[in-house]
Trainee: 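Next up is a structure, given as structure tokens.
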Protein chains: 2
Amino acid sequence: MKKTKIQILFGQRVRLLRKLHGWSQESLAARCGLDRTYISGIERGIRNPTLEIVLTLATSFEMELDVFFDWDGFKER
Amino acid sequence: MKKTKIQILFGQRVRLLRKLHGWSQESLAARCGLDRTYISGIERGIRNPTLEIVLTLATSFEMELDVFFDWDGFKER
DNA sequence: GTGTAGACTCCTGTCGACT
DNA sequence: AAGTCGACAGGAGTCTACA
């Protein structure tokens, strides 16, 4: 599987936020209505989620998309 | 084709930014390395682009993702 | 310059199972 | 709890063509 930079960063962002909430991948998946193995793939950077999925995840963290993407990792060159 | 709210808003955002730059769909597609008909579908809200595509488009407008999503349309309930 | 349709490849997203 | 695999349906993204 191909890991692009944005996928890796996105995965790190999801994992960080998930841990901040103290949730397991399973409970996050349940909240989002997504599959646990898919969350796993996202956090490992091997998945390229669609806009719908990105919104679903951000919403589950109760964040607007601009806040979700306002993170240092996304701004490195 | 299914139009979700986020797809419609995303399409409006792309169209707005494209016109602000004075570009045609064709020239935007060329800048992004995407297909013109695909840009058309995105602007009409019938496409659900992946994270990679979202980044590609934001980058073509020389915007970070958080700035791209910092738009009133995305914050309506 | 844009909208739309059809056809195509490849990947997204789901699910079960084992580690 | 999390990683990984295999299999699958449906959809993402490309391309040609016409209005």
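Per chain, numbering begins at 1; letters A, B, ... match sequence-line order. Please read all numbers here as calculations on a predicted model, not as lab measurements.
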Trainee: Output the rounded distance in Å from CG (A/Leu34) to C1' (C/dT14).
Mentor: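 In whole Å, C/dT14 C1' lies 10 Å from A/Leu34 CG.
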Trainee: Can you check the A/Ile39 CD1 to D/dT4 P distance for me, whole Å?
Mentor: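 Those two atoms, CD1 and P, are 16 Å apart.
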Trainee: Using whole Å, what does the distance between atom P of nucleotide D/dG11 and atom NZ of B/Lys3 come to?
Mentor: 17 Å
Trainee: Kindly point out which of D/dA2, C/dT2, C/dT12 is positioned nearest to the side chain of B/Ser24?
Mentor: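 From the listed options, C/dT2 comes nearest.
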Trainee: Given D/dA2, C/dT4, C/dT12, identify the nucleotide with an atom nearest to the side chain of B/Thr50.
Mentor: C/dT12
Trainee: Quick one: do B/Trp23 and B/Phe61 satisfy side-chain contact (heavy atoms from CB on, under 4.5 Å)? Show the steps, please.
Mentor: CA-CA 11 Å; B/Trp23 298 337; B/Phe61 295 128; 3.7 Å; yes
Trainee: Could you go through the side-chain contact (heavy atoms from CB on, under 4.5 Å) check for A/Thr50 and B/Ile53 one step at a time?
Mentor: CA-CA 9 Å; A/Thr50 60; B/Ile53 299 289; over 6 Å; no
Trainee: What pairs with A/Phe69 under ring-ring contact (aromatic ring centres under 6.0 Å, His included), at least two apart in sequence or on another chain?
Mentor: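 ring-ring contact (aromatic ring centres under 6.0 Å, His included) check on A/Phe69 returns A/Phe74, B/Phe69.
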Trainee: Any N or O donor-acceptor pair linking the side chain of A/Thr37 to the base of D/dC5 at under 3.5 Å?
Mentor: no
Trainee: Starting at atom CD1 of B/Ile46, determine the distance to atom P of D/dG11, rounded to an integer number of angstrom.
Mentor: 13 Å
Trainee: Pick base, sugar-phosphate or nothing for A/Ser40, based on heavy-atom distances below 4.0 Å to the nucleic acid.
Mentor: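 Counting heavy atoms under 4.0 Å across all strands, the contact made by A/Ser40 includes a base.
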Trainee: Of B/Glu26 and B/Asn48, whose closest DNA chain C nucleotide lies nearer the 5' terminus?
Mentor: B/Glu26
Trainee: Side chain of B/Asp35 only, please: which of D/dA2, D/dT14, C/dG1 is the nearest?
Mentor: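 In terms of side-chain proximity for B/Asp35, the closest of D/dA2, D/dT14, C/dG1 is D/dT14.
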Trainee: Can you list, by residue number, the residues of residues 9-17 of chain A that have a non-hydrogen atom closer than 4.0 angstrom to DNA chain D?
Mentor: A/Arg15
Trainee: Should B/Arg47 be listed as having a side-chain N or O under 4.0 Å from OP1 or OP2 of C/dG3?
Mentor: no
Trainee: Distance check needed: D/dT4 C1' versus A/Glu43 CD, whole Å only.
Mentor: 15 Å
Trainee: Rounded to whole angstroms, how far apart are CD1 on B/Ile42 and C1' on D/dA12?
Mentor: 10 Å
Trainee: Assess the residue pair B/Leu57 and B/Val14 against the criterion (side-chain contact (heavy atoms from CB on, under 4.5 Å)); give the C-alpha distance rounded to whole Å, side-chain angles, the decisive distance to 0.1 Å, and a yes or no.
Mentor: CA-CA 8 Å; B/Leu57 284 166; B/Val14 169; 4.2 Å; yes
Trainee: Does B/Arg36 make a side-chain donor-acceptor contact with the base of C/dG3, cut-off 3.5 Å?
Mentor: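 Present.
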Trainee: Are B/Trp71 and A/Phe68 connected in a single hydrophobic cluster, I mean Ile/Leu/Val/Met/Phe/Trp/Tyr linked by side-chain heavy atoms less than 4.5 Å apart?
Mentor: yes
Trainee: Send over the distance from B/Gln25 CD to C/dG3 P, rounded to a whole Å.
Mentor: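 Those two atoms, CD and P, are 5 Å apart.
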Trainee: Any ion pair linking A/Glu43 and A/Arg15 (charged N to carboxylate O, less than 4.0 Å)?
Mentor: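 Yes, A/Arg15 and A/Glu43 are salt-bridged.
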Trainee: Side chain of B/Arg44, heavy atoms from C-beta onward: which of D/dA2, C/dT14, C/dG3 has the nearest atom to it?
Mentor: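 So the nucleotide nearest the side chain must be C/dG3.
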Trainee: Give the rounded distance in Å between these two atoms: CD1 of A/Ile53 and C1' of C/dT12.
Mentor: 8 Å
Trainee: Taking a hydrophobic cluster as the set of Ile, Leu, Val, Met, Phe, Trp and Tyr residues connected by side-chain heavy atoms closer than 4.5 Å, whether directly or through intermediates, do A/Leu16 and A/Ile8 fall within one such cluster?
Mentor: no
